[in-house]
Amino acid sequence: MKLNNVADVLVMGAGPAALCIAAELVQHGLDVQAIASKSPLEPWPNTYGIWASELESLNMQELLKYRWEDTVSFFGDGLGGKGNICTNHYLDYGLFNSINFQEALLERCNGLPWQLETVDNIDFRERETVVICTSGKKYFARLVIDASGYKTPFIRRPKHDQIAKQAAYGVVGKFSSAPVEKNRFVLMDFRSDHLNANELEEPPSFLYAMDLGDGSYFVEETSLACSPPISFESLKARLNLRLSNKGIQIDEIFHEEHCLFPMNLPLPYRDQPLLAFGGSASMVHPASGYLVGSLLRRAPSLASEIAKVIKKEPLMTTSQIAIRGWKTLWTNELVQRHRLYQFGLQRLMSFDETLLRSFFDTFFKLPKKDWFGYLTNTLPLPRLFIVMLKLFYIAPSKVRLGMTGLLINKREKT
């Protein structure tokens, strides 16, 4: 029997993760409450990219604002990273229409109101969880899901000495000449002919860029993962240097983007009574930094399991419900895949600029279904092992040594 004033589930957060899981829970007919320090109607500040086939598999491709067929990368040739050899990916890439995406999720929430509160403490009881806010107000639910992001103080996880973060500084605007060819998307431009010898020894970064049409472009200098992270000031300087080396100036800025998030955050303890989803649940892909595709794929199964437990097992404790949720969100297979990706990221973080370019040049020589599955975390565990072995087999000798940790480069020496 449902307790008075006790919701089935309370969701914390107002970003893509919170809206994804809240929408699925509402669709399963649960009594859901939501709390966030800002309104879910407030526009999301960042852009979200995704491979178009990920959305097509979910029948959500209409949420894309931009879509490119011409998707490429540049890794340079020779030790200096120069040259214009183009790696074609032959796979459509897109950017979400963030407003439409946000509105679509809110519509699936069926008018669910968000309480604008700041959570101060969470009290776990046998049959309910109490969320205590700085205002003094208390909210009660059988289960609480923290989808407020990786900075949450409420999710317990092992300590990690070296948290690597992906950092990026980007500009949407108009330029003195085109930084990207017409109708083209550039996933990674690692060409380094604008850098001097000393700069080549610094942690590497690449250009992520696209033609938005109407004479506007999005260009972003990105550091895949680094601890400590590269500062926004340094990334901005690198972007301007990259552009000026080509004789390109920024004429008008419509939007500046600053991205910073952890890539190797340890998985949370999966026996705690507070469930997590999104960045707070370490769902960011350690190899690519992608998250939204995973949110969309994994929210339905998690919500289905929670709904089944709450509806059919009314005497189950809040801890038992949370543990069932953790087991659904992080199956044994997903945990093992995550560990493999984290191992791979740890090796990549030791690569200098030359070695990293060589690695990615090799990586995209894999069959498309393999590198796509790797970047989207959709390869079954046995296949992931095979793909990683195949990558090792076809890699140049120096990349192999780097992958095994036997090659000590200048970055590791310092």
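What you are looking at is a predicted structure, and each value in this text was computed from that prediction instead of being measured.
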Undergrad: Salt bridge (Lys or Arg N to Asp or Glu O under 4.0 Å) between Lys182 and Asp70: does it pass, once the steps are laid out?
TA: CA-CA 9 Å; Lys182 184 177 177 60; Asp70 183 13; over 6 Å; no
Undergrad: Determine, using ring centers only, whether Phe101 and Tyr48 are less than 6.0 Å apart.
TA: no
Undergrad: Could you check whether any side-chain N or O of Arg324 sits under 3.5 Å from a backbone N or O of Glu305, counting only pairs where one atom can act as donor and the other as acceptor?
TA: no
Undergrad: In plain terms, say whether Arg191 and Asp189 are close enough for a salt bridge, that is, a side-chain N and a carboxylate O under 4.0 Å apart.
TA: yes
Undergrad: Please check if any side-chain donor atom of Ser301 sits under 3.5 Å from a side-chain acceptor atom of Arg298, or the reverse.
TA: no
Undergrad: In a check of side chain to side chain contact (heavy atoms under 4.5 Å, CB included) between Ile306 and each of Leu329, Val9, Thr328, which one passes?
TA: Val9
Undergrad: Report yes or no: do Thr376 and Glu54 form a side-chain donor-acceptor pair below 3.5 Å?
TA: no
Undergrad: Kindly give the heavy-atom pair with the smallest separation between Leu63 and Ala104, and that separation in Å.
TA: CD2-CB, 4.1 Å
Undergrad: Please determine whether the number of non-hydrogen atoms from other residues, nucleotides or ligands lying under 6.0 Å from atom CZ of Phe392 exceeds 12.
TA: yes
Undergrad: Tell me if a side-chain donor or acceptor on Trp326 pairs with a main-chain N or O of Pro268 at a distance below 3.5 Å.
TA: no
Undergrad: Determine whether the aromatic ring centres of residues Tyr341 and Tyr374 are separated by less than 6.0 angstrom.
TA: yes
Undergrad: Does Tyr169 have its ring centroid less than 6.0 Å away from the ring centroid of Phe232?
TA: no
Undergrad: To the nearest 0.5 Å, what is the distance between CH2 (Trp371) and NZ (Lys368)?
TA: 7.5 Å
Undergrad: Quick test of your reading of the model: are Arg238 and Glu353 salt-bridged, counting only N-O distances below 4.0 Å?
TA: no
Undergrad: Between Thr152 and Ser280, do the side chains contain an N or O donor and an N or O acceptor separated by less than 3.5 Å?
TA: no
Undergrad: Below 6.0 angstrom between ring centroids: does that apply to Tyr66 and Tyr93?
TA: no
Undergrad: Any side chain to side chain donor-acceptor pair (under 3.5 Å) pairs touching residues 242-254, not counting sequence neighbours?
TA: Glu221-Arg242
Undergrad: So, taking the atom named CG in Asp123 and the one named CZ in Phe140, what distance separates them when rounded to the nearest 0.5 Å?
TA: 9.0 Å
Undergrad: Side chain of Arg400, backbone of Tyr393: donor and acceptor closer than 3.5 Å?
TA: yes
